[in-house]
Amino acid sequence: MKLEKEKNNLSILKEAMNKSRTNTHGMLGILNSFENRLQKLESTIEPVYNETEMLRRRQENIEKTTVTLDNVLGYYHVAKEVENMIKEGPSSCGLDRYLAQMERLKQAMLYFESHNSKSLELLDVTRVFDDGTEVLCCEFRSLLSRHGRPVPPIMLLDLIGDEEIPSSDPDVPLEHFPEKIVDDLGQIAKWLDKKGNTDKKGNTAEFTKDYQTMRGAAMLKSLQVLREHLKSASASSGTSIQYIGQHSPAPTSKFSRSKETPVRKSKLKIALHLKKKAQTALLQSPFEQTSKGHRRQGSYNDSVENLDVEVEIYITQLSALLKLMQSEAQLMSCIIPDKNRRTVFDGIVQQSLDSVVSEGEMLATQAKKSINKHEFMSVLSIFPVVKHLRSIKPDFDYTLEGCSTPTRSKLASMLSTLGSTGAKALEDFIESIKNDPERASMPKDGTVHELTNRTIIFLEPLLDYSETAGAMLLMHGEQAAPSEAVDAKKSKMKFADYMTKVLSALGLNLSNKSETYNDPTLRPVFMLNNYNYILKSITRSGLLNLIHLCNKDVGQYYEDQIHEQKRLYSESWSKVLHYILEIDEPLSQQRLMMPDVKLKDKEKQNIKDKFSGFNKELEEIMKSQKGYAIPDQELREALKKDNKDFIIPRYKMFLEKYERVNFTKNLDKYIKYTAPAVGVIVDKFFDTSA
């Protein structure tokens with residue numbers, strides 16, 4: 001059964017294979033027939049396709065030829081077609097259309113130059129093209145001239161604001177031209193740069209020169225107008241400059257600030273701090289606040305009041321120049337092609353930079369003259385200038401990056417000149433202290449010497465410029481250091497060392513001067529006044545803290561000197577004490593306490609002599625010390641108290657010893673002063689009106 005089943009299956013499989021073979025042969029026949037038909041169709045269609053492609057190409061060539069012929073024919077007539085429009089300028093048709101017509105002329109020139117360089121048509125097209133290029137150059141100049149104006153000083157001052165150190169903001173919010181004018185100028189400049197290179201008149205280079213000249217003049221004029229405004233403001237308001245804020249009638253059409261930048265009220269205070277410091281020092285000077293009847297003449301009041309307002313204006317100009325340069329660079333990026341920008345910018349800033357540098361060099365020259373005349377207060381004006389310039393110089397360097405080396409080095413050269421001048425002033429100031437004549441204008445009353453006053457008034461304003469002054473000494477002193485090696489810490493240390501040298505020279509000179517007094521009591525009074533004034537001044541101003549960076553013993557040194565001068569001053573009571581301390585022939589206290597004691601005539605006379613001598617010497621010392629001056633009220637009262645504490649207890653003991661002794665019938669003749677009366681006498685010291 002199983003074998004029969006397998007045979008049956010095998011026969012079915014053979015039958016299926018035969019059918020499949022039959023189907024395969026049928027399909028191969030169909031495919032061969034289809035392939036033959038396709039070959040016949042291809043042989044029929046291919047010639048038709050080739051002929052159609054040839055016809056299409058011929059059609060395209062005909063169309064291109066037609067267009068070319070139309071263009072070529074247009075080249076022959078373009079000069080006449082556009083000549084009137086070209087002569088009338090962009091104002092007649094709009095800049096975009098005008099440039100399109102110039103492009104047509106350009107293409108016509110290229111055609112005739114390539115195919116018929118001697119044709120009359122080329123001459124006509126070239127003539128009209130050159131006229132158009134000249135018109136574009138004139139339009140470029142006209143736009144610059146009509147819309148370019150100096151920046152109003154109010155706008156500049158508002159731009160600077162109340163920042164003492166301007167920042168290098170690349171997006172300076174100042175619009176020199178309306179946006180449309182900037183776009184037109186940029187299109188003209190781009191066209192002249194790219195399309196006008198065959199102009200035989202050289203106008204492609206001329207437009208950059210025009211831009212450079214006119215924008216440079218506008219920048220210079222902006223600075224000049226600002227200077228005139230500041231001068232006018234300072235003249236109308238005394239020695240300080242009043243800066244007008246947002247309520248000023250400033251033009252609003254052309255020179256508008258960015259919409260994102262709110263208008264602020266300007267409170268510019270650059271360079272006023274130095275004057276205020278000097279005036280503060282002067283107000284606290286012993287020549288302006290002194291004891292009754294002791295008012296000195298010849299202080300440095302005039303020098304302080306006459307601190308040059310030009311310095312304030314100059315510092316403002318430096319900030320304004322930086323802002324104008326940054327703004328001009330931003331404007332130029334929208335107009336001048338990139339390849340020409342650095343060269344053009346170099347030319348734009350030349351006049352303004354030269355003007356500011358020239359003024360800075362004039363300040364240095366004036367300072368040198370003041371140094372030669374030993375008018376050192378006038379030299380103080382250099383320090384705020386140098387400090388401000390040092391702070392904004394990195395911004396200048398960034399803005400001038402890519403300009404020529406001479407241009408970039410101008411500010412550095414001026415800064416070096418001002419720095420060396422300041423260093424010389426500082427060094428010569430020490431020499432002037434050392435060489436001040438010993439008998440020069442010595443105060444008869446022993447008050448603070450004018451040299452001390454001048455020294456303090458010179459030093460106190462420098463506290464705010466300690467780093468600047470220290471850097472000057474480091475970079476331009478005897479052992480000059482490169483700027484890279486100078487930092488804030490080293491600068492402060494150097495200036496602290498300088499201050500120590502100044503005070504040392506001053507102390508030595510004052511000591512020598514004190515020896516010129518014939519009155520030995522006036523010597524310690526003189527030194528006491530000067531030491532006290534120096535210590536209080538440098539403590540009040542903060543100079544002492546700076547000096548302690550270099551020498552921590554300076555404050556204690558002055559305290560010790562003040563104590564020593566007080567001790568020396570107390571020796572003025574020696575003649576008075578000679579009598580009440582009974583140095584000669586004292587009488588025993590025990591004997592005087594005995595009842596019914598009887599004194600010999602010699603003993604009575606001895607007591608009379610003691611009281612008479614005391615009265616005489618007390619009156620003499622009052623007479624002489626009324627003429628002494630102690631300008632500092634605190635010191636004056638302290639000395640009076642010391643005198644009372646020193647003499648009254650001793651006199652009281654002396655008085656109590658003898659007032660009950662019968663040594664004279666005329667007691668009032670000898671006992672003229674009670675202990676409180678002696679105190680009243682002491683209160684009259686240091687007061688000529690008492």
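- Open room surrounds NE2 on H563; 12 or fewer heavy atoms of other groups in view lie less than 6.0 Å from it.
- Checked for salt-bridge contact, E431 and K424 miss the test: no charged N lies under 4.0 Å from a carboxylate O.
- You'll find the side chain of E467 stays beyond 4.5 Å of the side chain of F495, heavy atoms only.
- Side-chain N or O atoms of N530 include one that pairs as donor or acceptor with a backbone N or O of H449 at under 3.5 Å.
- Using a 4.5 Å heavy-atom cutoff, the side chains of V525 and Y569 are in contact.
- Distance alone, capped at 3.5 Å, places no donor-acceptor pair between the S232 side chain and the H229 backbone.
- In this structure the side chain of P384 never reaches within 4.5 angstrom of the side chain of Y314, judged on heavy atoms.
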Criterion side chain to side chain contact (heavy atoms under 4.5 Å, CB included) on F429 and R454, from CA distance to verdict: CA-CA 10 Å; F429 183 69; R454 291 202 309 265; 5.7 Å; no

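- The distance from the OG atom of S572 to the CD atom of E620 is 13.0 Å, given to the nearest 0.5 Å.
- In this structure, E603 contributes its side chain and K600 its backbone to a donor-acceptor pair below 3.5 Å.
- The backbone N or O of T500 sits nowhere less than 3.5 Å from a side-chain atom of S504 that would complete a donor-acceptor pair.
- Judged purely by atom type and a 3.5 angstrom limit, Y628 has no side-chain atom pairing as donor or acceptor with the backbone of F526.
- One finds the CG atom of L463 at 6.0 Å from the OG atom of S541 (value rounded to the nearest 0.5 Å).
- Looking at N509, its side chain never comes within 3.5 Å of a backbone N or O of A505 through a donor-acceptor pair.
- Closest heavy-atom contact between H476 and G419: CD2-C, 3.4 Å.
- Side chain of T417 to main chain of S413: a donor-acceptor pair is present (N/O by atom type, distance under 3.5 Å, no hydrogens or angles).
- Remark: aromatic rings of Y651 and Y673 are distant, center separation not under 6.0 Å.
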Using the rule given for side-chain hydrogen bond (donor to acceptor under 3.5 Å, both in side chains), can you reason through Q605 versus D601, listing the C-alpha separation, both sets of side-chain angles and the distance that settles it, and then say yes or no? CA-CA 6 Å; Q605 187 60 43; D601 292 341; over 6 Å; no

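- The two residues D519 and T521 have their closest heavy-atom pair at OD1-N, 3.0 Å.
- Ion pair D687/R636 not flagged as a salt bridge, since none of the NZ, NE, NH1 or NH2 atoms sits closer than 4.0 Å to an Asp/Glu carboxylate oxygen.
- Taking the side chain as every heavy atom from C-beta outward, K513 and D436 approach each other to under 4.5 Å.
- When each of I430, L506, I433 is paired with K501, the side-chain contact (heavy atoms from CB on, under 4.5 Å) condition holds for I430 and for no other.
- With rounding to the nearest 0.5 angstrom, the CG atom of L543 is 9.0 Å from the OG atom of S537.
- Contact record, L618 with W573: CD1-CZ3, 3.9 Å, taken as the closest heavy-atom pair.
- Note: N643 CG to I681 CD1 = 12.5 Å, rounded to the nearest 0.5 Å.
- F383 and Y465 have tilted rings, their planes meeting at an angle from 30° to 60° on a 0 to 90° scale.
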Given the rule in the side chain to side chain contact (heavy atoms under 4.5 Å, CB included) test, do L568 and R523 qualify, once you have shown the distances and angles that lead to the verdict? CA-CA 9 Å; L568 294 174; R523 296 171 190 170; over 6 Å; no

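- In summary, K536 and E634 engage in a salt bridge, as defined by a charged side-chain N under 4.0 Å from a carboxylate O.
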Audit row: S319, H388, side chain to side chain contact (heavy atoms under 4.5 Å, CB included) steps and yes/no: CA-CA 9 Å; S319 298; H388 186 67; 2.7 Å; yes

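- Here the closest non-hydrogen pair linking P649 and K644 is CD-O, 3.3 Å.
- The minimum heavy-atom distance linking G422 with M472 is given by the pair CA-SD, 3.7 Å.
- Side chain of N551 to main chain of I547: no donor-acceptor pair is present (N/O by atom type, distance under 3.5 Å, no hydrogens or angles).
- Panel note: side chain N615, backbone Y670; a donor-acceptor pair is recorded below 3.5 Å.
- Panel note: side chain S511, backbone G507; no donor-acceptor pair is recorded below 3.5 Å.
- Separation of atoms NZ (K494) and OG (S491) is listed at 10.5 Å; rounding is to 0.5 Å.
- Once rounded to the nearest 0.5 Å, the distance linking CG of L635 with CG of D642 reads 9.0 Å.
- Ion pairing between E619 and K672 holds under the 4.0 Å rule for side-chain N and carboxylate O.
- The shortest side-chain heavy-atom distance between D668 and I671 does not fall under the 4.5 Å cut-off.
- Counting heavy atoms from C-beta on, the side chains of F458 and L426 come closer than 4.5 Å.
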Show your reasoning for whether salt bridge (charged side-chain N to carboxylate O under 4.0 Å, His left out) applies to R227 and E310. CA-CA 9 Å; R227 181 180 179 83; E310 288 291 329; 2.2 Å; yes

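- Nearest heavy-atom pair across N662 and K604 is O-CE, 3.7 Å.
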Could you please spell out the steps behind the side chain to side chain contact (heavy atoms under 4.5 Å, CB included) verdict for L473 and E427? CA-CA 8 Å; L473 293 168; E427 293 168 353; 4.3 Å; yes

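- E637 is listed as a side-chain neighbour of K640, based on a closest heavy-atom distance under 4.5 Å.
- Considering only residues two or more places apart in sequence or on other chains, K489 meets the salt bridge (Lys or Arg N to Asp or Glu O under 4.0 Å) condition with none of them.
- In this structure, the side chains of F685 and L639 stay at 4.5 Å or more apart for every pair of heavy atoms.
- Judged by the 6.0 Å and 45° rule, R650 forms no cation-pi pair with F654.
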